[in-house]
2 protein chains.
Amino acid sequence: MPGPIQSLSRAAAILRLLAGGERRLGLSEVATSLDLAKGTAHGILRTLQLEGFVEQDPESGRYQLGAELLRLGQSYLDVHELRARALVWADDLARATGEQVYLGVLHQRGVLIVHHVFRPDDSRQVLEVGSMQPLHGTALGKVLLAYDPVARGELEGAELEAYTPRTLTDLADLDAECALTRERGWAGAVEETWEGVASAAALIRDRRRNPVGAVGVSGAVERVCEAGFVRPELVASVRDAARSISRDLGAARF
Amino acid sequence: MPGPIQSLSRAAAILRLLAGGERRLGLSEVATSLDLAKGTAHGILRTLQLEGFVEQDPESGRYQLGAELLRLGQSYLDVHELRARALVWADDLARATGEQVYLGVLHQRGVLIVHHVFRPDDSRQVLEVGSMQPLHGTALGKVLLAYDPVARGELEGAELEAYTPRTLTDLADLDAECALTRERGWAGAVEETWEGVASAAALIRDRRRNPVGAVGVSGAVERVCEAGFVRPELVASVRDAARSISRDLGAARF
DNA sequence: GATGCCGTTCGGCATTGTCGACCGCCGTCC
DNA sequence: GGACGGCGGTCGACAATGCCGAACGGCATC
């Protein structure tokens with residue numbers, strides 16, 4: 001059986017390279033970074049540009065990601081069944097808790113946010129759909145680690161980054177936390193990724209009981225926690241939402 | 001000079017095909033739709049799957065768009081300078097007008113929404129970032145048609161769809177509307193795409209005075225209009241926002 | 001003006017992508 | 001239960017397509 005199609009893999013590598021930085025890249029930088037001949041990189045970039053995946057600044061000749069990626073990303077959300085079924089429950093959860101709500105799925109080595117509901121007040125908030133969160137420092141991530149062996153396998157041999165002094169960076173500690181998560185049915189994370197922020201999340205299952213994602217709330221630690229622990233009424237709401245979404249996906253009653 | 005890289009163009013065609021429907025597609029459907037050999041389509045799909053651009057349902061063997069598109073689409077927004085600079089002004093515009101705000105750019109033959117602020121009330125709203133709007137039936141589209149010859153060129157020879165009885169479907173009528181837009185500096189659209197919905201938009205320029213996008217408001221015709229015309233105080237706010245964003249991009253004062 | 005860097009183009013060639021044929025599995029029909 | 005047809009997937013042959021090094025013209029710097 002043959003391997004992947006080389007030119008496609010190279011195009012994907014170019015897109016990831018452009019996505020990884022904050023500024024536009026020139027052809028020579030792209031070619032050098034990926035160890036490709038300039039002509040090769042140019043052919044790929046020119047085709048990606050024709051298809052809308054890459055745009056070139058006419059003045060500087062530098063390249064950046066193109067608008068077609070945004071359009072296709074939105075199409076991904078439109079056909080994403082979990083998200084479609086979670087929309088209403090997520091809104092209800094934000095209302096019930098007064099905090100912002102995230103819906104995440106496992107993607108490569110992290111949690112991809114596929115839906116995000118703002119905290120229902122007038123504050124300025126930044127939408128995070130399409131962003132990645134770490135598996136090991138967030139409640140969403142811990143839930144996926146606890147129930148999905150594929151997620152746990154992604155961390156094997158990895159060095160866990162310490163975002164705050166409270167981040168669990170030892171795999172044994174993290175495994176113990178996942179066992180606790182499975183025992184009580186939800187995960188919490190208190191100031192493990194951002195100081196001052198706490199969150200709780202619970203698992204979503206599909207109609208065959210497979211883990212397919214997680215839903216959680218996140219907010220200021222002073223509101224989310226009481227005596228250092230996530231408030232029980234928040235946990236109850238999160239678990240209710242996870243059950244409702246799971247049922248909507250066809251999972252049998254717990 | 002050689003043409004585009006065939007395998008990349010084929011991969012893009014497969015992604016567009018998957019984006020265009022509401023259900024997952026099988027290998028045979030993909031191959032037949034694009035007139036490719038099954039082995040060829042399979043090789044492309046397998047590579048796209050390895051890279052995260054496509055996902056396969058393990059039970060049915062059918063394919064759908066993959067999560068990496070959402071992540072890259074978000075990265076596109078992160079490096080999109082116009083959007084970055086427009087965020088605060090768009091929030092202010094939603095507050096000042098009480099209506100929802102859209103920021104759009106020309107993409108292929110339509111307007112791509114790159115930012116969307118909800119109407120500041122408690123109603124349920126659907127985020128439309130990443131979605132496409134028609135050039136000929138929306139205020140955003142008319143602004144781009146009026147000022148950007150590339151946009152106007154996209155409509156040459158096209159049949160304009162009538163979304164409502166009020167949609168302009170004759171190119172001459174649309175050109176007259178664009179002339180009016182250039183004359184007064186903003187565009188309006190009253191029940192041209194959706195009945196009951198009206199909108200107004202104004203152009204955003206970059207530091208070289210090139211048209212790079214448009215900002216607009218949209219809402220219920222009863223609120224947005226007065227005696228059949230867009231309310232002047234809404235127009236003033238939209239134009240203020242467009243000027244502020246343009247200035248932030250380095251465009252000289254008007 | 002000379003130099004170096006850039007994005008772009010070019011022609012040769014070999015390897016990579018493509019194709020038709022085939023495989024095993026599954027669902028449907030008789 | 002057996003035959004059939006459709007499916008996603010695999011295989012080997014081959015030629016055309018993708019890749020490469022070299023060259024080009026434009027621009028900025030010294």
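Predicted model, so just to flag it, every value in this text is computed and none were measured. Here is how names work: the chains are called A, B, and so on, in the same order as the sequence lines, proteins then strands, and each is numbered from 1.
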Taking [X] first and then [Y], would you say they form a salt bridge - that is, a charged N and a carboxylate O separated by under 4.0 Å?
{"X": "B:Glu29", "Y": "B:Arg23", "result": "yes"}
{"X": "A:Arg24", "Y": "A:Glu55", "result": "no"}
{"X": "B:Arg16", "Y": "A:Glu68", "result": "no"}
{"X": "A:Arg207", "Y": "B:Glu59", "result": "yes"}

When you measure from the side-chain N and O atoms of [X] to the phosphate of [N], is any distance below 4.0 Å, counting only OP1 and OP2?
{"X": "A:Tyr63", "N": "C:dC6", "result": "no"}
{"X": "A:Gln56", "N": "C:dT8", "result": "yes"}
{"X": "B:His42", "N": "D:dG9", "result": "yes"}
{"X": "A:Ser28", "N": "C:dC6", "result": "yes"}

Whole-Å distance between [N] [atom2] and [X] [atom1]?
{"X": "A:Arg62", "N": "C:dC5", "atom1": "CZ", "atom2": "C1'", "answer": "12 Å"}
{"X": "A:Leu48", "N": "D:dG18", "atom1": "CG", "atom2": "P", "answer": "13 Å"}
{"X": "B:Gln49", "N": "D:dG8", "atom1": "CD", "atom2": "C1'", "answer": "12 Å"}
{"X": "A:Ile5", "N": "C:dT15", "atom1": "CD1", "atom2": "P", "answer": "18 Å"}
{"X": "B:Leu34", "N": "C:dC19", "atom1": "CG", "atom2": "P", "answer": "12 Å"}
{"X": "B:Arg46", "N": "C:dG17", "atom1": "CZ", "atom2": "C1'", "answer": "11 Å"}
{"X": "B:Ile44", "N": "D:dT17", "atom1": "CD1", "atom2": "C1'", "answer": "13 Å"}
{"X": "A:Leu25", "N": "C:dG7", "atom1": "CG", "atom2": "C1'", "answer": "14 Å"}

Quiz item: What are the two closest non-hydrogen atoms of B:Leu82 and B:Val105, and how far apart are they?
Solution: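 What the structure gives for the nearest pair is CD2-CG1, 3.6 Å.
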Self-check item: Strand contacts (DNA chain C) in residues 6-16 of chain A, 4.0 angstrom heavy-atom criterion
Solution: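 Per residue number, the list reads A:Gln6, A:Ser7.
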Self-check item: ring-ring contact (aromatic ring centres under 6.0 Å, His included) between B:His136 and B:Tyr163, worked out
Solution: CA-CA 10 Å; B:His136 73 284; B:Tyr163 304 105; 5.4 Å; yes
Practice problem: For A:Trp89, look at atom CH2 and say whether over 12 heavy atoms of other residues, nucleotides or ligands are found less than 6.0 Å away. | Solution: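 Counting other residues, nucleotides and ligands, CH2 of A:Trp89 stays at 12 neighbours or fewer.
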Practice problem: Could you please name the option among D:dG8, C:dG7, C:dT18 that lies closest to any side-chain atom of B:Leu27? | Solution: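 Among the listed nucleotides, the one closest to the side chain of B:Leu27 is D:dG8.
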Quiz item: Where the side chain of B:Lys38 is defined as all heavy atoms beyond and including C-beta, which of D:dG9, D:dC19, C:dT18 is the nearest nucleotide?
Solution: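 Within the option list, the nearest is D:dG9.
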Quiz item: So which one's nearest nucleotide on DNA chain D is more toward 5', A:Thr40 or B:Glu29?
Solution: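 Looking at the nearest nucleotide for each, B:Glu29 comes out on the 5' side.
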